[in-house]
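Below is one structure, written out as structure tokens; comments come after it.
Just so we're on the same page: letters track the sequence lines, and every chain starts at 1.
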Amino acid sequence: MVKADASAVVDLLLRRSHGGDQQREEELRSLLTSAPFTASHLLQVIRSLPDADAALRFFDWCRSQDGSSVPSALALHGPSAYQAIFELANRQQGPRPPCARLKDLLDRSTEQGYALTLDSAVILVRAFGTAGLLEDVLRVVRSLKASLRRASICNGVLRLLFDANDSRYRAEAFALVREMLRSPHPRCRADSDTGSIVYSTLLRRNKLVDEEAVALVIEMAEHRIFPSDDAQLSQLINKLCWSRQTDGACNFLQAVRNAGGVVGASPWNSLLSGLSRVGDVQRMNILFAEMEEMGHHRNVVTFGIVINNLCKSRRIGDALQVLDNMTGGSSNSAEVVPDVVIFNTVIDGLCKARRLEEGLALLERMKKELRCTPNTVTYNTLIDGFCKAGEIDRAHGLLARMNDEEISPNVVTMNTLIDGMCRHGRVSSALEFFRGLQLDADVDVKGNAVTYSILIGAFLRVNNLNKAREMLEEMQNCGIRPDAITYFTMISGLSQAGKLDEALSVASTMEKDGYSLDTKSYNILIAGFCRKKRLDRARDLLDEMVGKGLNPDDVTFNTFIAALSKIKDFTSAHLLLEKMIERGYKPTAITCGALIHGYCRADDMNAAMDIFRSMDAAGVQPSTMIYNILIDYLSKKKEPVAALSLGDEMLGRGLLPTTVTYNALFRCLKEHHMLSEAFQLMDRMKEQNLRPDYITVEILSGWLPAVGEVAKLKTFIQEDDLPEGLEAEVC
DNA sequence: ATAGGGTTAG
């Protein structure tokens, strides 16, 4: 038997013909029939041809021999022939890009009814993928026989599809992964590469995970395609929780466990903190118990999460209980030993519950009994507690203690103190404190955007706009970029101060700086313009926000309804009210209050009372504010009896009158010389622990002494402690 | 585990 000789065929094909085409074809036929000519011979021949055109001519010739004795068999080797032709075309430089030629060739091979070989598919996917021709990549994969859709090639396709960052291609990728998971062909099944592609794609930044993705990863887990390690698993659980897929996170983690994936403590901790964030205490408890059953699956972080949850939901007693158990309060074999984070969490809980002394006591206990060294955070937490309670001096005392104990203060320490001082009437001391630290060579704490935001907010609150502007400029000069909060602080302060144009200009700077305004920011600006009765500008802003795809919310509606009521345009106000309801926002006490207030101002008591009395039926609880509006109005209308009776009515509803309520009533009672009623109210205020404010004092001072009741007045306004703000500085 | 912001009615 003569061995088939590919090189002889190549020689013949490449040689210039001497005896004409006829003779050459004869020679070729005889060469090809002299021995079995296999697919691999054919590959060898075609690969040796100079280009795809030559190869196509040869292969077409072979096909045209169909029916003649032997070469017809060659046509059966079409898939291999095209593979070699694709190789040639892919290598070839020419006027047309290789992809365009490859597409034509793929069309031809499809028309001729040839399937793709695995190698053809590899060549085409790579070429189309590199050129970004994803539709063609998909076409190649779809036309490839199921048994040839090997994991290796599919993984490449998955990378391309995910990299496109396009929802359509993402859906295609998900479908492909599903197919791989379910494939009956072992070499086509999803493998660890598939897993790492999918998992790392889902972990990419700025993309939330949707339900479809959750379903996919659960199916992957069921097929034992797990994240590479606990760290990646934890990250994924975290991401699922942040994407509001807490259920999905639970199901996924369970699926991993059920399929035999090894899971340490950290993924469970991630899930636990996800549950904590959405306030799902019930499932937290189940999980906490399950983690114990699973063996060594609770660590100090687990306890930290639970304690943090208890503290944030104001269950300090329970948090202390858990801490006690940890420190061997009830059993001597504590599961885990609390660390400084646990103590800090509990101390913060105590401080936020205004139990400062207990916080301090715990600081001592952790040092002495439990041999745990407090750190900067411990002190910062306590300093914040004392600042919020107005005990600025004790806060500074703690700072001094930090220095004694060589625990270095940081920027949070400084900012906490600055904020505390600012909020307790010491804005300029706060600024001096800040300046002092910046000059102090021993202190290397620098101000940051938070520092400046605090100071800017403080100056705005005391209406010192110039100083606020100065601070903004100073921070920029120092190379500290304002962040979103700095801008919001500025915008809000300026709006409140009626500097709307400046507020708008800050808003546009903010946008140039890459931050965007949200509905709340627009509400602030809209309210500012409404207060100035520039409803046209407010409307413009509404259009602007809608144009940006931001939906007006209930506050936006209430703002406009209030503004329209204020200018007595009740028709428009009611139209807007209907629109608000259409949009699915229920009117609240604020909505009703806005209308009631409008009608009172328009001196239409009937309309005001109609709305007021219709609230119960509408299921809207009247608020203290609404009573205040009505009582104030009745007082001005010189109707003390009606005003007093509303005052009683609110008590019956469990609403406590405020100083504002009492002031309105006092004003009215004074005019009608209803002294004994006033005394009753004064007693009630005392019982309620309400302090008279400067308006109360003004009204009563102009009345009681004139009717010989100075003593009564004095005992009433004399308070055991100094009125707040007495030591306030003028800035 | 700790620090700063914002809208609606008196």
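Side-chain atoms of A/N628 lie closest to B/dG10 of the nucleotides B/dG10, B/dA9, B/dG5. Of the candidate nucleotides B/dT7, B/dA9, B/dA1, B/dA1 has the atom nearest to the side chain of A/K312. For A/I590, counting side-chain heavy atoms from C-beta on, the closest listed nucleotide (B/dG10, B/dA1, B/dT8) is B/dT8. Side chain of A/N410, nearest nucleotide from B/dA3, B/dT2, B/dT8: B/dT2. Listed nucleotides: B/dG4, B/dA9, B/dT7. Nearest to the side chain of A/D419: B/dG4. Side chain of A/I626, nearest nucleotide from B/dT7, B/dT2, B/dA9: B/dA9. Distances from the side chain of A/T381 to the nucleotides B/dT2, B/dA9, B/dT8 place B/dT2 closest. Considering only side-chain atoms of A/S453, the nucleotide from B/dT8, B/dT2, B/dG4 that sits closest is B/dG4. Which of B/dT2, B/dA1, B/dT7 sits closest to the side chain of A/V555 comes down to B/dT7. Checked against B/dG4, B/dG10, B/dG6, the side chain of A/T486 finds its nearest nucleotide in B/dG4.
No contact: A/D554 has no heavy atom under 4.0 Å from any strand. Across all strands shown, A/S495 has no heavy atoms under 4.0 Å from either base or sugar-phosphate atoms.
Between A/R601 and B/dG10 there is a side-chain N or O to OP1 or OP2 distance below 4.0 Å. Considering only side-chain N and O atoms, A/K566 lies nowhere under 4.0 angstrom from the phosphate OP1 or OP2 of B/dT8. Put simply, A/K388 has a side-chain N or O that comes within less than 4.0 Å of OP1 or OP2 on B/dG4. A close approach under 4.0 Å does not occur between any side-chain nitrogen or oxygen of A/Q496 and OP1 or OP2 of B/dG6.
For a distance-only test at 3.5 Å, the side chain of A/T489 fails to qualify as a donor-acceptor partner of the base of B/dG5. With hydrogens and angles left out, the side chain of A/S521 and the base of B/dG6 share a donor-acceptor pair within 3.5 Å. Side-chain atoms of A/N523 and base atoms of B/dG6 include no donor and acceptor less than 3.5 Å apart. Interface remark: the A/N448 side chain does form a donor-acceptor pair with the B/dA3 base, using a distance-only criterion of under 3.5 Å. Side-chain N/O atoms of A/N375 and base N/O atoms of B/dA1 include a donor-acceptor pair closer than 3.5 Å.
Atom CE of A/M366 and atom C1' of B/dT2 are 13 Å apart (whole Å). As a whole-Å value, the separation of A/I456 CD1 from B/dG6 C1' is 15 Å. A/M402 places its CE atom 13 Å from the C1' atom of B/dA3, with the value rounded to the nearest Å. In this structure, the CD1 atom of A/I631 is 14 Å from the C1' atom of B/dA9, given to the nearest Å. What separates CZ of A/R531 from P of B/dG10 is a distance of 10 Å, to the nearest Å. As a whole-Å value, the separation of A/M625 CE from B/dT7 C1' is 13 Å. As a whole-Å value, the separation of A/I407 CD1 from B/dA1 C1' is 15 Å. Atom P of nucleotide B/dA3 and atom CZ of A/F434 are separated by 19 Å, given to the nearest angstrom.
Among A/T556, A/L542, A/D553, A/L550, the single residue meeting the side-chain contact (heavy atoms from CB on, under 4.5 Å) criterion with A/Y522 is A/L550. Residue A/N344 is tested with A/T381, A/N375, A/N380 for a side chain to side chain donor-acceptor pair (under 3.5 Å); the sole match is A/N375.
Within 6.0 Å of CD in A/E364 there are more than 12 heavy atoms belonging to other residues, nucleotides or ligands. For A/K533, the NZ atom is loosely surrounded, since the number of other residues' heavy atoms within 6.0 Å does not exceed 12.
Between A/H574 and A/Y599, the ring planes are tilted. Angles from 30° to 60° get that label.
Checked for salt-bridge contact, A/R435 and A/E474 meet the test: a charged N lies under 4.0 Å from a carboxylate O.
Remark: the backbone N or O of A/V412 is paired with a side-chain donor or acceptor of A/T416 at under 3.5 angstrom.
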